[in-house]
**Q** 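Could you have a look at this structure, given as structure tokens, before my questions?
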Amino acid sequence: MSQDTVGILLNSSMYRGIPTRRTGQEWIAGYEETAREYGLTPVFLRLGGIAPAGDRCVAYVFNGIEYVEQQLPLPSVIHNRALYPKLAAQHRLQSLNALGITIFNTNNRYGKDFVHRLLWSAPHLRAYLPSAMPLTSGNLRTMMSRHPDLILKPIRGSVGHGVMRLRYTPSGWELTYASPLGKSKWNTVRLHRGEVPPWIRRVFRHTPYLVQERIPLAEYEQRPIDLRITVQRGHRGDWKVTGRFAKVAAAGSFVCNIAKGGEALPAEQLLAQALPEQIVPSALAHVENLALEISRHLGNRLPLLADLGLDIGLTESGRPYFIECNGRDQRYGFRKAGLPEIWMDTYRQPMAYARYLLEQPARRHLEPSYPSE
């Protein structure tokens with residue numbers, strides 16, 4: 001196989017859906033269209049289809065009519081869009097990198113506590129970080145003594161699953177958590193003497209959590225909002241902001257995730273109604289600069305990182321705060337926000353970066369080594 005191919009690594013379930021175009025939120029045609037702009041042919045593969053020697057793979061390739069499965073030489077540059085929570089799969093990816101196969105975004109699910117520690121190590125970023133600690137009984141008491149409003153979130157969770165809010169009210173501490181009745185339904189319980197219920201303690205024992213100061217986010221129609229900033233490496237290897245959109249929580253909710261009923265809208269449109277209009281341009285510029293600084297800092301410390309979706313909140317005064325980063329940005333929020341050109345760009349930049357890596361193979365070996373969480 002020539003140097004003009006790029007691998008797109010998918011989880012097995014998504015891989016199986018390629019022939020029938022049932023790939024969830026992953027837009028396979030977007031890779032096809034944007035790869036052609038850089039003279040590339042995308043091949044879609046899964047980890048189980050890569051030969052033990054790391055030289056060949058079974059992959060889907062589009063023949064102009066349909067996707068057909070073929071046995072091919074393994075591409076030398078691969079864009080990882082799969083999640084691999086098991087250590088065996090992560091070690092397999094690292095072994096392929098050691099063989100000279102460049103898999104960018106090799107690890108796309110770093111723990112929230114780990115990312116917080118990395119960002120805290122940069123003095124110029126600390127002012128933009130909410131106070132946060134791994135959730136233990138002692139740390140929870142400490143955070144409750146310091147902050148009247150807290151967010152509890154799974155360290156490795158995504159799309160808002162498992163997130164809770166703990167806040168002090170005139171009648172005491174209250175805990176709000178997701179109801180099983182629907183994605184935007186919530187239950188609230190009052191804590192007796194500030195102690196969480198036993199069933200919640202069992203959840204915390206089985207699932208590592210982070211306890212984080214809740215920033216008083218700007219609101220639209222009494223619904224909190226935050227911004228998704230997509231930052232990617234492109235054809236020169238540099239980090240750049242690909243696009244942004246705003247997320248507004250569903251009525252009665254405190255999380256802005258689209259998967260939890262949140263709505264995606266163009267950032268300028270929403271912020272013009274949530275902030276004093278005159279500060280919107282400077283607030284957005286501040287957000288983008290912060291997103292770039294965070295991405296560069298993480299990119300200098302995490303191997304082959306190239307594609308991030310950053311959630312950044314704004315206070316009513318327009319001050320930005322980092323909320324969390326996503327190593328596998330779902331991208332579809334741009335489509336939901338009515339921004340199809342930017343949605344296409346989120347697929348274009350990884351293909352541009354793949355071309356950059358193919359043309360400058362020496363750059364593939366200048367990445368930092370794998371850190372320990």
Side-chain angles (χ1 to χ4, degrees), residues 104-133 151 153 155 210 212-218 225-247 256 267-268 271 275 279-331 333-334 342 345-346 349-350 352-353 356 363 366-371 373:
F104 62 93
N105 274 17
T106 309
N107 187 343
N108 49 28
R109 182 61 67 83
Y110 291 100
K112 295 179 178 67
D113 57 337
F114 177 69
V115 172
H116 182 85
R117 290 198 304 272
L118 279 183
L119 295 179
W120 189 261
S121 70
H124 68 293
L125 296 176
R126 289 179 186 172
Y128 299 100
L129 302 180
S131 176
M133 294 181 177
I151 295 293
K153 58 177 75 172
I155 280 175
L210 187 76
Q212 186 179 73
E213 168 194 9
R214 183 181 182 273
I215 299 302
L217 297 175
I225 63 175
D226 66 25
L227 301 176
R228 168 58 59 87
I229 314 295
T230 294
V231 191
Q232 299 169 305
R233 286 177 170 176
H235 72 282
R236 294 181 180 175
D238 298 328
W239 289 101
K240 290 189 177 180
V241 172
T242 304
R244 67 199 179 202
F245 64 89
K247 298 176 292 172
C256 302
E268 293 85 351
L271 291 184
L275 300 177
I279 72 170
V280 171
S282 61
L284 283 172
H286 199 170
V287 165
E288 291 201 356
N289 287 335
L290 175 60
L292 278 171
E293 285 295 318
I294 289 172
S295 299
R296 289 169 183 148
H297 183 76
L298 293 178
N300 287 336
R301 286 154 180 81
L302 301 177
L304 295 165
L305 199 65
D307 191 349
L308 292 174
L310 302 178
D311 288 335
I312 294 180
L314 285 169
T315 65
E316 290 183 352
S317 66
R319 179 170 179 77
Y321 282 90
F322 170 79
I323 299 175
E324 63 184 48
C325 81
N326 302 272
R328 190 181 69 159
D329 192 358
Q330 292 293 322
R331 301 173 179 164
F334 289 103
I342 300 177
D345 281 343
T346 63
Q349 294 311 309
Y353 187 58
Y356 165 80
R363 302 293 300 178
L366 298 181
E367 296 285 348
S369 60
Y370 284 84
E373 292 193 41

**Q** Quick one: does any side-chain atom of Asn107 pair with a main-chain N or O of Arg109 as donor and acceptor, under 3.5 Å?
**A**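 Checking the backbone N and O of Arg109 against the side chain of Asn107, a donor-acceptor pair under 3.5 Å is found.
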
**Q** How about Ile323 and Lys153: do any of their side-chain heavy atoms sit closer than 4.5 Å?
**A** yes

**Q** In a check of side chain to side chain donor-acceptor pair (under 3.5 Å) between Asp329 and each of Asn105, Thr242, Thr230, Thr346, which one passes?
**A**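 That would be Thr230; it is the only one of Asn105, Thr242, Thr230, Thr346 passing the side chain to side chain donor-acceptor pair (under 3.5 Å) with Asp329.
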
**Q** Inspect the contact between Arg233 and Asp238 and indicate whether a charged nitrogen and a carboxylate oxygen are less than 4.0 angstrom apart.
**A**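 Not counted as a salt bridge, because no side-chain N and carboxylate O are separated by less than 4.0 Å.
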
**Q** Where do Leu310 and Ile294 land on the side chain to side chain contact (heavy atoms under 4.5 Å, CB included) test, with the steps shown first?
**A** CA-CA 9 Å; Leu310 302 178; Ile294 289 172; 4.2 Å; yes

**Q** Counting only heavy atoms not in Glu268, do more than 12 sit closer than 6.0 Å to its CD atom?
**A**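 Correct, the count exceeds 12.
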
**Q** Is the backbone of Trp120 close enough, under 3.5 Å, to the side chain of Arg126 for a donor and an acceptor to pair up by distance?
**A** yes

**Q** Less than 6.0 angstrom from the centroid, inside 45 degrees of the normal: does Arg331 satisfy that with respect to the ring of Phe334?
**A**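 No, a cation-pi geometry is absent between Arg331 and Phe334.
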
**Q** Could you tell me if the side chain of Phe322 sits less than 4.5 Å from the side chain of Glu293, heavy atoms only?
**A**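 Glu293 vs Phe322: side chains apart.
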
**Q** So for atom CZ, which belongs to Arg236, do other residues, nucleotides or ligands contribute more than 12 heavy atoms lying within a distance under 6.0 Å?
**A**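 Incorrect, the count does not exceed 12.
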
**Q** How close do Gln232 and Asp345 get, counting heavy atoms only, and between which atoms?
**A** OE1-O, 3.9 Å

**Q** Under 3.5 Å, side chain of Ser295 to main-chain N/O of Leu292, donor-acceptor pair present?
**A** no

**Q** With heavy-atom distances below 4.5 Å as the criterion, would you say the side chains of Arg319 and Ile215 are in contact?
**A**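 No, every pair of side-chain atoms sits at 4.5 Å or beyond.
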
